[in-house]
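Take a look at the structure below.
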Amino acid sequence: MHIRQLFQPGRPLFSIELFPPKTPKGVENLKNRLLQIRDFSPEYVSVTYGAAGGTRHNTLEVCSTIKKLGMVAMAHLTCVAHSRGEIDSLLSELKAAGIENIMALRGDPPSGESAFQPPPDGFRYAVELIRAIGKSDSFGIGAAGYPEGHVEAPSYQVNLGHQIEKVRAGAELLVSQFFLENSHFLRWRDDLRAAGVTVPIEAGILPALSAQQITQFCTMCGVAIPPILLADLEKCGEDKEAAAACGLEFALRQIEDLLREGVDGIHLYALNRLEPIAAVAPLVRA
Ligand code: FAD
């Protein structure tokens, strides 16, 4: 099913993002966990695409399992290290596997490289990938959005323009970068709507696992951390379970507030963990 068929006005979507494990054993474990994830009836499950090498083929394998289990799969695809010809081959592979939705991204530079380098005969921006996917007329297309702007963009407004461009090019869904202050998401959603964007806009939620982890993610992605969250996480010290519970509690409060604001959907960055999925699903479905 294409993502455009999943949205029903007044019923927020619940979607889950997973990453492909590196090892065959990890992939098998995740496949087994998908059976449990199915019980929470997400509208779709998306699987990220590695910066280069390693896990890339596992994205397709995990997506195929999601589909076999009767759920809607969305495969992420990036411009990193792919020529246009390779992108065409990958699209054919995804189509042959029955994958109907693609999250089209530029991608982050592979580890060790500080800046994104467009590959020879490849794409520089996600918008170009979106146009290429659109030509095949076979996939529902999602794109990434940034409530606090993108780390490389000269300003929030410039980046907003680039997100609008992705929708005009054919993206049928925007999924936000994670954020920890709902006011950023709500302002961004309002700005997109004011600019005439009508596609669904999902709120990306990442439950923090520890003070160190969330600080690292926020620095990397240019996301502000509320001091109260950081202080609560720091109080947990080395107690990993307490910190994860604290991060999840904060995320649940964010979601309750977002649902009251009538968001189109909650996209959970689950980091392959079942616990946040089990906690968030009933909240979105209530
Ligand atoms: P773009 O939309 O191309 O934007 C990249 C930068 O270029 C921005 O600063 C933008 O303002 C600028 N820009 C865009 N268009 C133009 C233009 N026409 N002219 C000039 N400047 C322009 N990364 C992965 O490697 N794998 C994943 O699976 C993955 N999944 C993600 C899922 C979501 C929901 C999100 C929010 C991010 C994900 N990322 C993933 C991270 C993403 O690849 C990075 O944030 C990356 O730096 C930007 O990707 P993009 O698709 O937003 O790029």
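All values below come from the heavy atoms of this structure, side chains included, with hydrogens, waters and symmetry mates left out. Sequence positions, counted from 1, serve as the residue numbers for this chain. Atoms within each ligand, like the ligands themselves, are counted from 1 in listed order.
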Shortest non-hydrogen contact from Y269 to S176?
-> OH-O, 2.7 Å
With a heavy-atom distance limit of 4.0 Å, tell me whether [X] approaches ligand 1 through its side chain, its backbone, both, or neither.
X	answer
E165	side chain
Y269	side chain
H267	neither
H76	side chain

With a cut-off of 4.0 Å, which atoms of ligand 1 are near a heavy atom of [X]?
X	answer
T78	24 (C), 25 (O), 26 (N)
Q177	36 (C)
V175	34 (C)
A153	9 (O), 11 (O)
G107	25 (O), 43 (O), 46 (C), 47 (O), 49 (O)
Y49	24 (C), 25 (O), 26 (N), 27 (C), 28 (O)

Quick test of your reading of the model: are [X] and [Y] salt-bridged, counting only N-O distances below 4.0 Å?
X	Y	value
E181	R187	no
E128	R106	no
E256	R260	no
R193	D190	no

For atom 29 (C) of ligand 1, state which one of L129, V127, L105 supplies the nearest heavy atom.
-> L105
Checking heavy-atom distances from atom 42 (C) of ligand 1 to each of F178, Y156, Y146, the winner is Y146
Do you see a protein non-hydrogen atom under 4.0 Å from atom 11 (O) of ligand 1?
-> yes
With a 4.0 Å cut-off on heavy atoms, is [X] touching ligand 1?
X	value
F116	no
F123	no
V158	no

Is there a side-chain contact between [X] and [Y] (heavy atoms, below 4.5 Å)?
X	Y	result
L233	I214	yes
I205	H267	no
R189	V263	yes
L6	V72	yes

What I want to know is whether [X] and ligand 1 share at least one N or O pair that is separated by under 3.5 angstrom.
X	answer
K166	yes
S176	no
H150	yes
T48	no
A126	yes

Over-ring placement of R131 relative to F123, 6.0 Å and 45° cut-offs |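 The answer is no, since R131 fails at least one limit relative to F123.
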Side chain to side chain donor-acceptor pair (under 3.5 Å): which pairs involve residues 272-286, sequence neighbours left out?
-> E43-R285, R273-E275
Can a donor-acceptor pair be found between the side chains of N32 and E28 at a distance below 3.5 Å?
-> no
Starting from atom 51 (O) of ligand 1, which protein heavy atom do you reach first, and at what distance in Å?
->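 Here the closest protein heavy atom is R106 N, 2.8 Å.
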